[in-house]
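Below is one structure; the comments refer to it alone.
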2 protein chains.
Amino acid sequence: MRLTNAKSVKQGIRAVAARAGVSTASVSRALNNPDAVSPSLRARIDQAIDALGYIPHAPARILSSRRSRTLGAIVPTIDNTMFARGIASLQQYLSSVGYMLLLTTSGYDLDVELQQARNLISRGVDGLVLRGDCHHDGLRKLLADNSVPFINVGIYQPDRPYPCVGTDNEAAAHRAAAHIIELGHRRIGIVSALQRNNDRASARVAGFRRALAESGIELPPQWHVEVPYTLDDAREAARYLLNLKDRPTAVVCGNDVIAYGVLLEAERDGFSVPRDLSVVGFDDLDWSRHLRPSLTTIHVPTGETWQRAGEYLVRSLAGEQTIMHREIDFSLVVRESTAPPPKSLK
Amino acid sequence: MRLTNAKSVKQGIRAVAARAGVSTASVSRALNNPDAVSPSLRARIDQAIDALGYIPHAPARILSSRRSRTLGAIVPTIDNTMFARGIASLQQYLSSVGYMLLLTTSGYDLDVELQQARNLISRGVDGLVLRGDCHHDGLRKLLADNSVPFINVGIYQPDRPYPCVGTDNEAAAHRAAAHIIELGHRRIGIVSALQRNNDRASARVAGFRRALAESGIELPPQWHVEVPYTLDDAREAARYLLNLKDRPTAVVCGNDVIAYGVLLEAERDGFSVPRDLSVVGFDDLDWSRHLRPSLTTIHVPTGETWQRAGEYLVRSLAGEQTIMHREIDFSLVVRESTAPPPKSLK
DNA sequence: ACACCCTTTGAAAACGGTTACAAAATAGAC
DNA sequence: GTCTATTTTGTAACCGTTTTCAAAGGGTGT
């Protein structure tokens with residue numbers, strides 16, 4: 001009686017190699033760099049692969065090659081049309097170039113963001129996509145220590161040493177306010193997002209304020225209010241602003257969701273937009289053109305922005321030269337929610 | 001002269017072990033099961049860990065332990081409030097129990113879904129969360145071959161051999177239609193999502209139809225129209241339906257987005273909702289209560305549903321006994337968009 | 001036939017952890 | 001103090017790939 005002590009391998013690259021009668025090295029090559037293996041071998045290997053239904057084990061691959069072809073992204077929340085769109089574009093682009101996306105959320109908390117970054121790095125991501133440039137100090141150190149490339153998206157700060165891609169929020173906000181001023185408004189209110197830990201929000205406020213200042217328009221403190229994230233929050237703020245005995249004839253908003261709140265609340269309080277009140281948004285979400293009245297707003301190509309962020313990282317990882325600061329153009333979309341102020345209040 | 005040939009290790013668990021003067025096994029234990037190591041050692045190790053800023057390498061961990069504490073989810077698109085909410089809840093829950101979520105999108109394409117599943121399995125996910133029970137045949141085989149636990153979310157099918165969690169769409173749709181019928185409508189149109197490859201959509205249509213049939217109400221073929229995903233598509237369908245010379249007095253919709261389209265188009269065409277036309281949605285998205293008129297719809301606790309899906313998988317992976325089919329209650333939320341039909345058309 | 005240079009292939013050592021197993025230390029019982 | 005049972009710690013094999021390096025193979029030119 002004869003004993004065969006060939007330890008038969010059930011799965012994995014060794015099983016494929018055994019079945020095709022080649023070495024594991026060849027299988028690996030056939031998978032990663034098909035041209036490096038002769039056509040005949042490749043055929044045998046391919047056949048073995050799908051005979052066995054072989055699926056490569058990514059963690060082992062990552063461990064061995066030190067590259068994961070995976071990018072991480074940390075967004076404040078996924079439950080917001082804008083981020084959802086951005087993420088969708090990024091993911092689509094990445095999968096088109098053979099990368100995967102590892103997505104996490106920070107809930108607008110810098111500590112959580114740091115923690116998630118640690119998590120993603122531990123997971124072996126090749127690079128990180130972050131929202132804005134307002135991060136925990138530890139995050140920068142973490143990224144440097146582990147030499148993880150990253151990019152800040154949604155902002156444009158050519159003077160800072162970090163890569164970024166996005167629109168110039170200050171300039172765009174300035175444009176929005178200028179539109180209102182050009183229409184003849186002098187009594188202008190601001191409803192912005194919370195500025196704390198949110199560079200995008202504060203840049204927009206800065207742009208609004210600069211436009212007012214340049215036209216010599218005063219902004220009474222009670223005409224600037226900040227609101228958290230939800231539509232309900234925005235409505236509440238709008239209610240306050242519209243019920244001041246001395247109220248503005250126009251409101252510029254930090255984003256479209258806020259603008260929706262103002263629109264809804266104005267209607268509820270019997271104001272007609274744009275006859276009694278003009279409203280400008282920021283972002284141009286889907287709903288903005290469907291609403292009645294449709295919303296005048298700043299169009300920001302979110303999808304493009306996030307895709308570019310992906311491109312930047314993928315390119316850098318491939319060793320290609322890429323520009324660190326990319327500006328994404330915005331545009332003012334004038335719709336139905338803005339008009340000259342009522343003559344009585346002009 | 002003496003040569004030290006202790007190969008010094010720069011990083012990794014071995015570096016931590018060296019610095020703390022212990023074995024790698026102890027470090028590993030301190031990390032994964034702190035109670036299994038004496039307090040004094042643990043202290044030394046913890047200190048070494050943050051002196052070195054050590055971050056465990058997840059892929060190595062996965063490779064070695066054959067568990068990743070990662071779940072995968074495949075949704076049709078992230079760019080839809082409902083999925084976004086679900087994913088957000090799932091992610092939050094998973095991170096609260098130390099799991100991560102690997103998210104991908106299929107774009108409503110079964111082949112892509114299969115491909116993504118392969119991708120996720122290759123990545124080493126411990127389990128998979130899928131939308132509905134309408135999958136590529138290869139997917140079931142793939143899951144079985146690799147013995148990857150999974151759950152279908154958003155549906156309730158107690159008679160099928162696969163785990164699922166969700167509302168009974170047929171029953172919920174029946175409830176929605178019944179509401180309209182109770183109000184006195186007999187001329188009822190249906191605008192549904194595409195039924196092909198979408199069990200949820202077809203279950204809802206079935207529920208609508210059953211309610212009509214039970215009340216002996218006819219459904220002329222041209223009163224049932226199917227639309228793709230976007231608000232624009234929905235508006236177009238609504239325009240068609242509302243401009244039939246013989247039009248319904250009420251429309252039941254496959255989801256809220258479709259209902260928004262009907263609402264917007266009705267207003268545009270000069271119909272007053274609910275006076276001239278009643279509209280019912282399905283899902284109860286955020287917007288539904290903000291819209292004017294606010295939308296009567298079926299409330300579905302999306303967040304809870306997805307979280308339960310996560311719970312199911314986490315529990316199964318922990319070896320706990322869990323129920324395979326969990327029904328999530330829905331409720332009819334009556335708001336402003338429904339009323340008895342105009343007397344002239346009754 | 002031989003020397004030469006490419007190209008294709010294989011053997012085996014990483015990669016950074018976990019864990020089975022054995023050894024050492026400690027505690028408890030007498 | 002000895003012996004046993006238990007806990008704590010260490011050694012080293014292993015997880016499934018990639019990749020270095022060397023060996024084998026295949027043409028050319030002479």
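Throughout, protein chains are lettered first and strands after them, A, B, ... in sequence-line order, and every chain is numbered starting at 1. We use all heavy atoms of the structure for the numbers below, so side chains are in, but hydrogens, waters and symmetry mates are not.
- Side-chain polar atoms of A:His325 and A:Gln157 form no donor-acceptor pair below 3.5 angstrom.
- Side-chain proximity of B:Ile13 to C:dT18, D:dG16, C:dT9: nearest is C:dT18.
- OP1 or OP2 of D:dG16 lies within a sub-4.0 Å distance of a side-chain N or O belonging to B:Arg66.
- Closest contact between the side chain of B:Val22 and the listed nucleotides D:dG10, C:dG10, D:dT17 involves D:dG10.
- Within 4.0 Å of A:Arg29, counting heavy atoms only, lies at least one base atom of the nucleic acid.
- Among the nucleotides D:dT17, C:dT19, D:dT9, the one closest to the side chain of A:Ala60 is D:dT17.
- Note on B:Ser38: every side-chain N or O is 4.0 Å or more away from OP1 and OP2 of D:dT8.
- A donor-acceptor contact under 3.5 Å is not formed by the side chain of B:Ser65 with the base of C:dT18.
- Five base pairs at each end of the helix from C:dA1-D:dT30 to C:dC30-D:dG1 define two local axes, and these are offset by 40° (rounded to 10°).
- The side chain of A:Ser23 lies closest to C:dG10 when the candidates are D:dT17, D:dT11, C:dG10.
- Relative to the side chain of A:Leu41, the nucleotides D:dC15, C:dT9, D:dT18 differ in distance, and C:dT9 lies closest.
- In this model, the phosphate group of C:dT18 is approached by a side-chain N or O of B:Ser28 to a distance below 4.0 Å at OP1 or OP2.
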